[in-house]
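This report refers to the structure that appears directly beneath it.
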There are 2 protein chains.
Amino acid sequence: MAGDPLSRVFAALADPTRRDMVTRLAVADATVGELAEPYDVSVQAVSKHLRVLEDAGLVSRSRDAQRRPVHLEAEVFDLMTKWIERYRRQAEERYRRLDDVLRDMPDDVDPLPPPQEGQQS
Amino acid sequence: MAGDPLSRVFAALADPTRRDMVTRLAVADATVGELAEPYDVSVQAVSKHLRVLEDAGLVSRSRDAQRRPVHLEAEVFDLMTKWIERYRRQAEERYRRLDDVLRDMPDDVDPLPPPQEGQQS
DNA sequence: GCTTTCCTCAACCGAATGGTTGAGGAAGAG
DNA sequence: CTCTTCCTCAACCATTCGGTTGAGGAAAGC
């Protein structure tokens, strides 16, 4: 389907039903039937949604008798986080430079350190 | 078009060309022509992409003579960040609770709560 | 064996998406 | 006023997407 992994993750989360599934899966693993129950669509539609999430690497399915328990995979979220953080750093860098120009070039003071807890690449 | 703001933001960033535009706009504002130049598509296509980004609130356009300078709007990224953080909190909460269960096993704890999930807000 | 439960695959459908081309508005340059 | 530049709107086209229904596989229960 769609090309790069990042596009797949963003596209997968662009659907509110899929986002809701992810939210619920963050609480507990669930079977396809359990996942489908609150929504007003067919089980097949939910199965399709799960395939999209699985292709994006957000979810994995194992096997337990006839059931296919769905499990949320956390790592892929880091892809997004990293991309967003990169943008954020660039934007801050941009404003920092603008600030420097307006302040007539100070030495190397960093007036706005990124307020983040460890997520740096 | 697509419904809620969060869906629009995710959908807007699901396209690699649009993500690249955002990356470049994080460095500096740009006109439509400047933005279109590196890509192998028509200017109209780029204009459409910008419309998607604008509808998502990621970008704003002003007017300078015939030119329409494009400016990146940072606030909307917080929508995503907040959603991701909420997921992260839930996931951590989940593992914390699992830890509690394995450690203590109280009486009236239901280890598999029925799918009475609240809708995602 | 047969049935039931849980789930996926396949085909189809309408709507949205990303691209094209062509026409045209808006504003500066001559 | 005319021309050029920059950009958007409109129509069209192929593909993808989210949904449906119908058929069927896999594993437990009878």
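All values derive from a computational prediction rather than experimental measurement. Chain naming here is simple, since letters A, B, ... match the order of the sequence lines and numbering starts at 1 in each.
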Inset, instruction - Taking only the side-chain nitrogens and oxygens of A:Arg67, find out if one of them lies under 4.0 Å from OP1 or OP2 of D:dA26. - result: no
Inset, instruction - Give the rounded distance in Å between these two atoms: CG of B:Asp15 and P of D:dC17. - result: 12 Å
Inset, instruction - To the nearest Å, give me how far apart CZ (A:Arg51) and C1' (C:dC7) are. - result: 14 Å
Inset, instruction - Determine, stepwise, if the pair B:Tyr39 / B:His49 fulfils side chain to side chain contact (heavy atoms under 4.5 Å, CB included). - result: CA-CA 12 Å; B:Tyr39 310 122; B:His49 279 306; over 6 Å; no
Legend entry - With sequence neighbours excluded, residues passing salt bridge (Lys or Arg N to Asp or Glu O under 4.0 Å) with A:Glu54: A:Arg61
Inset, instruction - Mark yes or no for whether B:Ser7, through its side chain, and B:Gly3, through its backbone, hold a donor-acceptor pair below 3.5 Å. - result: no
Inset, instruction - Would you confirm whether A:Ser47, through its side chain, and A:Val43, through its main-chain N or O, come within 3.5 Å as a donor-acceptor pair? - result: no
Inset, instruction - Would you classify B:Thr17 as touching base, sugar-phosphate or nothing, given that sugar-phosphate means primed atoms plus P, OP1 and OP2, and contacts are heavy atoms under 4.0 Å? - result: nothing
Inset, instruction - To the nearest Å, give me how far apart OH (A:Tyr39) and P (D:dT20) are. - result: 14 Å
Legend entry - Side-chain donor/acceptor of A:Asp64 to backbone N/O of A:Arg67, under 3.5 Å: no
Legend entry - Interatomic distance where CG belongs to B:Leu35 and P belongs to D:dC7 [whole Å]: 9 Å
Legend entry - B:His49 side chain near C:dG19 phosphate (N/O to OP1/OP2, under 4.0 Å): yes
Inset, instruction - Measure the distance from CG on B:Asp55 to C1' on D:dC9 and round it to the nearest whole Å. - result: 15 Å
Legend entry - A:Arg68: partners by salt bridge (Lys or Arg N to Asp or Glu O under 4.0 Å), with sequence neighbours left out: none
Legend entry - Under 4.0 angstrom between A:Ser47 side-chain N/O and C:dC9 OP1 or OP2: no
Legend entry - Base versus backbone protein contacts along nucleotides 21-30 of chain C [heavy-atom cut-off under 4.0 Å; B, S, -]: BB----BS--
Inset, instruction - Mind calculating the distance between CG (B:Leu50) and P (D:dC6) to the nearest angstrom? - result: 16 Å
Legend entry - Below 4.0 Å: OP1/OP2 of D:dT8 and any side-chain N or O of B:Arg61: yes
Inset, instruction - Could you check B:Lys48 against B:Arg68 and say which one's nearest nucleotide on DNA chain D is further toward the 5' end? - result: B:Arg68
Legend entry - Nucleotide D:dC7, atom C1' - distance to CG of B:Asp64 in whole Å: 13 Å
Legend entry - Atom-pair distance (CZ on B:Phe10; P on D:dG18), nearest Å: 15 Å
Inset, instruction - Taking A:Glu34 for its side chain and A:Thr31 for its backbone only, find out whether a donor-acceptor pair lies under 3.5 Å. - result: yes
